[in-house]
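All values reported here derive from a predicted model rather than from experimental measurement. In the text below, chain A, chain B and the rest are named by the order of the sequence lines, each starting its count at 1.
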Amino acid sequence: MDESVLAVGSHGGDDCSRLDQEARGVRYQETITGEFMSKFDPAKFEPKWQSYWDEHGTFRTESETDRPTYYVLDMFPYPSGAGLHVGHVEGYTATDIVARFKKARGFEVLHPMGWDAFGLPAEQYALKTGTHPRETTEKNVGVFKEQLKSLGFAYDWEREINTTDPDYYRWTQWIFLKLWERDLAYIAEVPVNWCPALGTVLANEEVIDGRSERGGHRVVRKPMRQWMLKITEYADRLLDDLEIIDWPEHLKEMQRNWIGRSRGAEVDFAVDPESTGGLEANIRVFTTRPDTLFGATYMVLAPEHPLVDEITTDGQWEKVKAYREEAARKSDLERTDLQDEKTGVFTGAYAVNPTNGEKIPVWVADYVLYGYGTGAIMAVPGHDQRDWDFAKAHGIEIREVISGGDIAEEAHEGDGKLVNSDFLNGLPVDEAKGKIIAWLEDEGVGKEAISYKLRDWLFSRQRYWGEPFPVVHRKEDAAVVPLPEEQLPLTLPEVEEYEPSGTGESPLATIEEWVETTCPQTGEPARRETNTMPQWAGSCWYYLRFIDPDNDEAPVDFDLEKNWMPVDLYVGGAEHAVLHLLYARFWHKVLYDAGVVSTKEPFKRVVNQGMILGTSYAYYETENGELLGNEGEGRSDVTQKTVHVDNVHWEGETPMHPDEDVELEPVVEKMSKSRGNVVNPDDVVEEYGADSLRLYEMFMGPLEQTKPWDPRGVNGVHRFLSRLWRVVCDEEAPVGVDESADFDEELERELHRTIAQVTENTEELRFNTAIAAMMEYVNALYKRDSVPPQAVEPVVQMLAPYAPHTAEELWAELGNEPSVSEEPWPTFDEDKLEEDTYELAVQVMGKLRGTVDVAQDADEEAAVAVARANEDVERHLEGREIRRVIFVPGRILNFVVG
RNA sequence: GCGGAAGUGGCGGAAUUGGUAGACGCGCUGGACUAAGGAUCCAGUGGGAGUAACAUCCCGUGGGGGUUCGACUCCCCCCUUCCGCACCA
């Protein structure tokens with residue numbers, strides 16, 4: 001028996017102070033305290049084991065190993081000032097269980113953690129307080145790290161990385177140079193999402209409903225000089241390689257939608273020179289329905305389309321100009337949602353339909369997007385609802401070219417036979433498509449084409465707190481010159497002001513001595529790039545750096561990469577389903593092409609942990625200040641307000657407003673500061689210990705599912721740990737561990753069944769049912785007076801990944817050498833799973849009429865004999881003819897009677 | 001509107017190559033131990049009928065049809081909820 005462990009586990013310490021603060025009666029307090037401390041008290045041993053793992057390097061990973069490798073990764077956090085929330089804990093616990101489990105199963109496990117520490121919040125805090133983002137970041141990282149350690153996660157902290165560390169972003173810059181060398185990075189003057197409040201541009205993905213994803217500020221379109229990455233060049237591979245990875249379907253589907261590949265044709269329409277005063281021009285459109293070409297009755301150019309300037313006639317110029325200006329002022333939001341009526345203006349020009357020579361009017365309308373396809377369309381109102389709406393509004397002809405619908409009522413977008421289409425008449429849609437494409441190609445006026453929703457990645461931000469671009473702009477000839485590799489990292493200079501210049505340039509532009517430099521090739525005067533990279537950059541490749549964090553020759557050693565990649569399991573929030581995962585896949589493929597890595601895809605398996613919801617307490621306030629309870633729900637003249645959870649006044653089971661006589665309504669919703677329904681992991685750890693928090697989050701339900709937090713639920717798992725604790729440690733418990741206790745067959749069978757189920761469930765990430773199985777087993781132990789150590793030790797070993805501190809403590813208490821984290825996973829014996837007999841369900845006409853015990857190897861005849869000896873069964877068979885007997889050994893016996 | 005996922009006790013959830021629905025936990029009810037219990041232990045807990053009690057029977061996995069000896073599980077139609085995309089030609 002390890003005495004040091006015992007000593008920590010028993011009386012002593014300063015726990016009284018906490019209870020003092022709770023202002024309980026003195027006598028009550030003493031009794032409770034005394035009793036509590038001889039019981040299960042995680043605070044007494046959790047920190048001890050955390051130090052033990054640290055000191056012994058229990059979870060250090062050997063990069064070079066002969067054992068099979070397993071790489072399990074969390075989406076590393078942005079270290080915000082708010083600290084860790086229960087959603088982090090959910091994902092991190094899941095991976096921690098897997099890491100510890102795989103280690104016990106003989107794998108060399110890589111399970112690292114780091115910080116995605118560039119980003120807006122630290123910079124905005126700097127704007128407000130003048131604190132350097134580096135300081136804010138360091139402080140927040142400290143808090144996060146302490147929180148993670150307090151939860152006992154088995155990270156190899158020697159591999160900790162931070163994206164803001166120059167030794168790290170040196171390689172982010174290096175990868176950028178690879179992109180540049182491969183012609184995948186370029187500068188363009190593009191209309192961007194400019195957010196005046198944040199003083200920066202945002203990527204399309206960072207704009208939601210016309211507002212910034214972070215902070216909800218207004219976003220407008222503005223043309224600016226920007227860095228772009230040619231992710232579109234990889235669109236096909238990003239789409240096709242989804243087939244070779246094991247991701248949840250919804251996630252793949254979101255990526256497919258985002259890439260948005262569609263097959264169709266590009267068709268050239270000549271502008272009729274007569275309508276434009278002799279100007280010759282060509283309008284190229286993309287369409288997925290070339291079969292409807294004969295039904296095109298007008299064309300539309302996006303307002304931004306450059307041809308608008310050329311073809312608009314003098315008579316229409318004023319109107320077109322006004323329309324374009326209005327469209328430019330509108331945000332994307334206004335161009336879509338707020339607009340029922342489709343607006344547009346006629347340019348005065350006509351185009352010629354190549355199939356029949358017909359002249360059709362060319363309009364400008366903002367329902368056509370400049371960024372998709374060619375920015376121009378042929379409009380077929382008979383067979384496209386959007387065009388139909390527009391044609392109706394502007395009195396344009398609607399022509400039927402596919403039969404089967406009623407185009408007077410709505411556009412017919414489905415299948416049918418071609419009509420009014422010359423040589424296509426009579427064909428179904430599919431065949432017509434093939435035939436018209438062939439015809440277009442023969443005539444040289446069109447070809448088969450593929451279009452994508454995916455656009456090139458807007459890769460620069462006008463911020464200070466990001467990776468500087470490793471390039472200079474030579475003044476002489478405006479050439480963009482990359483820095484040579486040996487000059488990396490290009491570090492961020494110190495600045496006085498974090499304020500963006502307001503014109504769109506970053507604060508870096510104000511640091512003369514940094515900006516003014518010379519060209520590394522010619523020595524001529526040059527300016528540094530003052531944009532910085534977006535936050536996604538650092539997270540695009542961090543999983544590689546964990547494999548080889550101290551390498552100063554390369555981002556990652558090629559052989560080590562080969563040994564560890566791809567990541568076997570990657571767990572994180574669904575909010576990164578598109579952006580981060582798509583960008584990281586893109587960079588990985590570029591690195592693959594550049595020979596830096598050996599794998600085509602970085603993440604073999606991805607799992608999104610479900611959101612944890614909180615309960616808030618709502619009431620409703622009318623315009624004149626009257627407060628209503630749930631009777632206000634759904635009324636349009638009221639505003640929903642929330643009472644902070646801590647301020648709810650409980651009248652028994654009823655939540656009441658603290659000041660008014662109003663009954664509150666519990667609402668289960670996403671946790672947010674403003675709702676006052678955020679559960680702080682630190683509080684739970686303090687009250688119940690880290691193991692109970694871990695266990696509860698895993699017991700709540702399936703990992704991927706959205707689940708409501710039940711504050712009483714933690715109690716249940718805490719009770720379970722406490723029960724197991726008492727079996728081992730409490731002499732007054734109704735059951736104790738005793739060397740001489742009988743390890744009977746029944747108990748042994750229970751144990752082996754438990755091992756089988758926990759093993760299988762853990763492997764499949766079904767932690768909730770694994771925990772349930774362990775609970776059942778512990779309940780079974782409780783039915784006895786005493787149990788032998790060999791009946792308890794395996795369950796302690798299986799508990800270790802889930803509740804590691806408690807498991808370590810019990811393992812030592814059972815007289816074993818530390819640490820249980822170094823022990824192999826228990827095995828089970830197939831032969832010990834089954835009894836000699838089993839309970840067979842007997843049905844008559846499919847209804848359960850009784851159960852009987854039959855021998856394991858009973859055949860149908862034997863089973864029927866036993867079943868018919870059962871009164872209840874026999875009663876239902878009485879006087880009826882047995883027409884058929886269905887016997888599935890081990891499962892069911894069913895009599896079909898006449 | 002389109003796409004994806006899902007509807008099971010008072011609550012979170014178990015159980016699907018079709019085979020005893022409701023494991024495990026919360027909550028609740030009763031009892032034990034107590035000066036006390038928000039500790040612990042024991043028992044019970046889907047709904048209904050029935051019995052002195054035990055039996056026993058009927059209904060039941062969002063709704064309606066179907067396949068089958070047998071359906072939470074498979075097929076068709078409908079309803080609801082959540083998530084994502086949203087004028088992508």
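In terms of position along RNA chain B, the nucleotide closest to A:K783 lies nearer the 5' end than the nucleotide closest to the other residue of the pair A:K783 and A:A376. Take the nearest nucleotide of RNA chain B for A:L251 and for A:K453: the residue whose nucleotide is more 5' is A:L251.
A distance of about 38 Å separates the C1' atoms of B:G1 and B:U17, rounded to the whole Å. Atom P of B:A6 sits at a distance of 16 Å from the matching atom of B:C76, rounded to the whole Å. For the C1' atoms, the distance linking B:G3 with B:G25 amounts to 36 Å, nearest Å. B:A23 and B:G44 have their P atoms separated by 12 Å, with the value rounded to a whole Å. On the P atoms, B:U8 is 14 Å away from B:U73, given to the nearest whole Å. When the C1' atom is compared between B:G12 and B:G18, the two are found 27 Å apart, to the nearest whole Å. Of the C1' atoms belonging to B:G50 and B:C57, the separation is 8 Å, rounded to the nearest Å. Distance noted for atom C1' between B:G63 and B:G10: 23 Å (whole Å).
Contacts of A:D872 with the nucleic acid, taken as non-hydrogen atoms under 4.0 Å apart, involve only primed sugar atoms and P, OP1 or OP2. A:T851 comes within contact range of at least one nucleobase, with a heavy-atom separation under 4.0 Å. A:S722 comes within 4.0 angstrom of nothing in the nucleic acid, heavy atoms only. Using a 4.0 Å heavy-atom distance criterion, A:R719 is classed as a sugar-phosphate-only contact. In this structure, A:Y452 reaches neither bases nor backbone, as no heavy-atom distance under 4.0 Å exists between it and the strands shown. Residue contacts for A:D389: at a heavy-atom cut-off of 4.0 Å it reaches no nucleic acid atom on any strand shown.
In this structure, A:K252 places its NZ atom 19 Å from C1' of B:C85, rounding to the nearest Å. The NZ atom of A:K342 sits 12 Å away from the C1' atom of B:A86 (whole-angstrom rounding). Atoms CG (A:L301) and P (B:A89) sit 18 Å apart, rounded to a whole Å. We find that CD of A:Q255 is positioned 15 Å from P of B:G84, with the value rounded to whole Å. What separates CG of A:N870 from C1' of B:U20 is a distance of 13 Å, to the nearest Å. For the pair A:F720 CZ and B:G25 P, the computed distance is 9 Å after rounding to whole Å. Across the protein-nucleic acid pair, A:N779 atom CG and B:A23 atom P stand 12 Å apart, rounded to whole Å. When the P atom of B:C26 is taken as reference, atom CZ of A:R712 falls 11 Å away, rounded to whole Å.
Nearest nucleotide to the A:E776 side chain, out of B:G4, B:A89, B:A23: B:A23. Out of B:A89, B:C26, B:G3, the shortest distance to the side chain of A:E253 is found at B:G3. Among the nucleotides B:C24, B:A89, B:G19, the one closest to any side-chain atom of A:T287 is B:A89. Closest contact between the side chain of A:Y367 and the listed nucleotides B:C87, B:A23, B:U20 involves B:C87. You'll find that the side chain of A:R723 is closest to B:C42, out of B:C42, B:U20, B:C87.
Between B:C57 and A:H876, a contact under 4.0 Å exists linking OP1 or OP2 to a side-chain N or O. Using a 4.0 Å cut-off, some side-chain N or O of A:R849 falls inside it from OP1 or OP2 of B:C57. Under 4.0 angstrom from either OP1 or OP2 of B:C83 there lies no side-chain N or O belonging to A:N608.
When all heavy atoms of A:A365 and A:F390 are compared, the pair lying nearest together is CB-CE1, 3.7 Å.
Taking the salt bridge (Lys or Arg N to Asp or Glu O under 4.0 Å) definition, one finds that A:D415 meets it with nothing, sequence neighbours left out. Partners of A:D859 by side chain to side chain contact (heavy atoms under 4.5 Å, CB included), not counting sequence neighbours, listed by chain and number: A:E861, A:A862. Looking at residues two or more places apart in sequence or on another chain, you find a side chain to side chain contact (heavy atoms under 4.5 Å, CB included) between A:V866 and A:V852, A:V854.
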| query | Would A:V429 and A:K433 satisfy side-chain contact (heavy atoms from CB on, under 4.5 Å), going step by step from the backbone distance to the final call? | reply | CA-CA 6 Å; A:V429 166; A:K433 276 183 184 170; 4.0 Å; yes

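With A:R694 contributing its side chain and A:Y802 its backbone, the two residues share a donor-acceptor pair below 3.5 Å. A:H383 contributes a side-chain N or O that, together with a main-chain N or O of A:V401, makes up a donor-acceptor pair within less than 3.5 Å.
Within the 4.5 Å cutoff, the side chain of A:D387 has heavy atoms near those of the A:Y367 side chain. Side chains of A:D691 and A:P42 form no contact here, defined as non-hydrogen atoms less than 4.5 Å apart. A:V896 is listed as a side-chain neighbour of A:M845, based on a closest heavy-atom distance under 4.5 Å.
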| field | Nucleotide-resolved protein contact map, nucleotides 8-15 of chain B, B/S/- at heavy-atom distance under 4.0 Å | value | ----BSSS

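Using a cutoff of 4.0 Å between basic side-chain nitrogens and carboxylate oxygens, A:R849 and A:D872 are not scored as salt-bridged. One finds a salt bridge joining A:K707 and A:E90 here, because a Lys/Arg side-chain nitrogen approaches an Asp/Glu carboxylate oxygen to under 4.0 Å.
Within the 6.0 Å centre-distance limit, the rings of A:F40 and A:H718 are counted as a close aromatic pair. In this structure, the ring of A:Y452 has its center no less than 6.0 angstrom from the ring center of A:Y372.
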Dump the pairs, protein N or O against N or O of nucleotides 67-71 of chain B, anything under 3.5 Å, distances to one decimal.
unit_1	atom_1	unit_2	atom_2	d
B:C69	OP1	A:R884	NH1	3.2
B:C69	O2'	A:N894	ND2	3.4
B:C69	O2	A:N894	ND2	2.3

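A:Q385 and A:D389 share a side-chain donor-acceptor pair at under 3.5 Å.
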| field | Pair assignment for RNA chain B - dot-bracket with | for other-strand partners, Watson-Crick or G-U under 3.5 Å | value | (((((((..(((......[....)))((((((.......))))))((((......))))..(((((..]....))))))))))))....

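Nucleotide B:G25 is shown with an anti base, its glycosidic torsion being more than 90° from 0.
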